[in-house]
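This is a predicted model, so every value here is computed, not measured. All heavy atoms count here, side chains included; hydrogens, waters and symmetry mates do not.
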Protein chains: 2
Amino acid sequence: MTTATARRTPADKHDERRRALADSALRTLGELGYARASLREIANNSEFSHGVVHYYFHDKLDLIVYCVRQYKATCVHRYDGVVAEASTADGLVAAFADKLVETIVDEAPMHRLWYDLRSQSMFEESLREAVLQIDQTLEDMVWRVVATYAELAGRPAAMTPHVAYGLLDGLFQQALLGHLCAREGVLDDLRAQVHRLMPVLLGAPALSDPG
Amino acid sequence: MTTATARRTPADKHDERRRALADSALRTLGELGYARASLREIANNSEFSHGVVHYYFHDKLDLIVYCVRQYKATCVHRYDGVVAEASTADGLVAAFADKLVETIVDEAPMHRLWYDLRSQSMFEESLREAVLQIDQTLEDMVWRVVATYAELAGRPAAMTPHVAYGLLDGLFQQALLGHLCAREGVLDDLRAQVHRLMPVLLGAPALSDPG
DNA sequence: CCGTTTCCTTGACGACTGTCAAGACTTTCT
DNA sequence: AGAAAGTCTTGACAGTCGTCAAGGAAACGG
């Protein structure tokens, strides 16, 4: 009845189911990738049957886009703690680098799925809007780190958010591939690379702060 | 046979056909991507019928790997001219940046295919060996540019080949996606980004060359 | 010239795909 | 309790896929 108690409207339950289905789908997608994850396989790895997908989603693509949007929401604040707790520039870099490594270790399937989808969006126009949106959000996320780093270091950022994201994303993607290939040392390499890269993202110290 | 005239051994003709088929397949793959390019579609866009694929290739995957290897061979020397003709550090950077932009304009389908395959290799182990090999070749290609740039500038390179490739690849990939989305200015942005990035790949000037 | 080898087409196979409709089961409301 | 709405399963559909075998066409050697 949508009274003041507001127990749970049908629409809420509907959305909850969508989220649960998408959550389950994300696991399968992360395991098989965009192309090889069929709706039946996705349903098999969930508590539902394959037909239910078209009750909650219009399309396979509708499901996929909903999934990646949901994934984005859980992923985009991953480094907020790093930013909030940092008190020195070097400490921020160290915590950031550690978190990047941790992300690769803990969430490799989700991130290879992200790169898979971004590549697919180069072919499939219907994916581009969602991909560009997520890309922008990730860029903002990275920029919060870089801007805080610049502030703590007392130096201005020398790169645009777009470039900073592009550079870090390049290194991250390389490390992810290396990690999936079980290459030794890629994670330590990534950590060292971030430590070396971050300073060059900044320019000369501000005049009011002599070095 | 196989006399001194060495007209053309059957094995040569066999290889030539393989190359022709792979060449045609690359066009279709660049248009549709790895997942959606079926053998029938590949054959339709060639002068052959769909059954011939299994005469020249053992597998679909065999064909794909052969294709990407062939693509690598044509692509890996793209910047050699830039390196050979450069006489000043700034001139090299300008020529390199221009060539990167030209690559995106002229060969976008081939490069989105490359990123597609590299993403797929994160899921499909059988693709990894070829992908890692090509990645290494591209890294070498980039490094020839950076090393020459360092030499012309009289300054040592401050990054490893791996990092230099990762950074440039990140920017390139971003620009490619932007270009395919018909975003205005991405190509000019890429040019400017390369101009700004290249100097930070180098360290302090050598002592024997005072600036 | 004929026979053999090489090359390629055609057609079919089983498996898998996204989609959807018919109906059963469950919940909710009156 | 009975009706209605919501939820989910089952089974089937029209395609497409990779693969392969049978056989025709062409090139080649004698």
Tell me which of B:His54 and A:Phe48 sits closer to the 5' end of DNA chain D, going by the nucleotide each one is nearest to.
A:Phe48
Check every atom of C:dT10, D:dT10, D:dT19 against the side chain of A:Ser49 and return the nucleotide holding the closest atom.
D:dT10
Please list residues of residues 29-45 of chain B whose heavy atoms come under 4.0 Å from any atom in DNA chain C, ordered by number; otherwise none.
B:Arg40
Would you say A:Arg17 places a side-chain N or O within less than 4.0 Å of OP1 or OP2 belonging to D:dG6?
no
Could you give the CG-to-P distance, from B:Asp15 to C:dC7, as a whole number of Å?
11 Å
Heavy-atom closest pair (B:Leu39 atom, B:His50 atom, distance to 0.1 Å) is O-CB, 4.5 Å
Check: residues 189-201 of chain A side-chain donor-acceptor pairs under 3.5 Å, at least two apart:
from: A:Arg191; atom 1: NH1; to: A:Asp98; atom 2: OD1; distance (Å): 2.8
from: A:Arg191; atom 1: NH2; to: A:Asp188; atom 2: OD1; distance (Å): 3.1
from: A:Arg196; atom 1: NH1; to: B:Ala158; atom 2: O; distance (Å): 3.0

Testing the basics here: between A:Arg78 and A:Thr103, what is the closest heavy-atom pair and its distance to 0.1 Å?
CD-OG1, 3.1 Å
Closest non-hydrogen contact found for A:Val65 with A:Ala130 is CG1-CB, 3.9 Å
From the list D:dC20, C:dC8, D:dC8, which nucleotide is the closest neighbour of the side chain of B:His50?
D:dC20
Show every donor-acceptor pair shorter than 3.5 Å between a side-chain atom in residues 172-179 of chain A and any protein atom, with sequence neighbours excluded, or say none if there are none.
from: A:Gln174; atom 1: OE1; to: B:His162; atom 2: NE2; distance (Å): 3.2
from: A:Gln174; atom 1: NE2; to: B:His162; atom 2: O; distance (Å): 3.2

So, for A:Met141 and A:Cys75, which heavy atoms are closest and what is the spacing to 0.1 Å?
SD-O, 3.7 Å
I need the minimum non-hydrogen distance between A:Leu113 and A:Tyr34, along with the two atoms involved.
CD1-N, 4.3 Å
Taking ring-ring contact (aromatic ring centres under 6.0 Å, His included) as the cut-off, I'd like each qualifying pair that reaches into residues 112-134 of chain A, sequence neighbours left out, listed once.
none
Going by heavy atoms in the side chains, are B:Val146 and B:Pro161 under 4.5 Å from each other?
no
Please tabulate the protein-to-nucleotide N/O contacts below 3.5 Å involving nucleotides 25-27 of chain D, giving atom names and distances.
none

Salt-bridged, B:Asp169 to B:Arg118, with N to O below 4.0 Å?
yes
Is there a residue in residues 57-68 of chain A whose heavy atoms reach under 4.0 Å of DNA chain D, and which residues are they?
none
Pick out which of B:Val52, B:Asn45, B:Asn44 makes a side chain to side chain contact (heavy atoms under 4.5 Å, CB included) with B:Phe48.
B:Val52
Does the side chain of A:Tyr55 get closer than 4.0 angstrom to OP1 or OP2 of D:dC8 through an N or O atom?
no
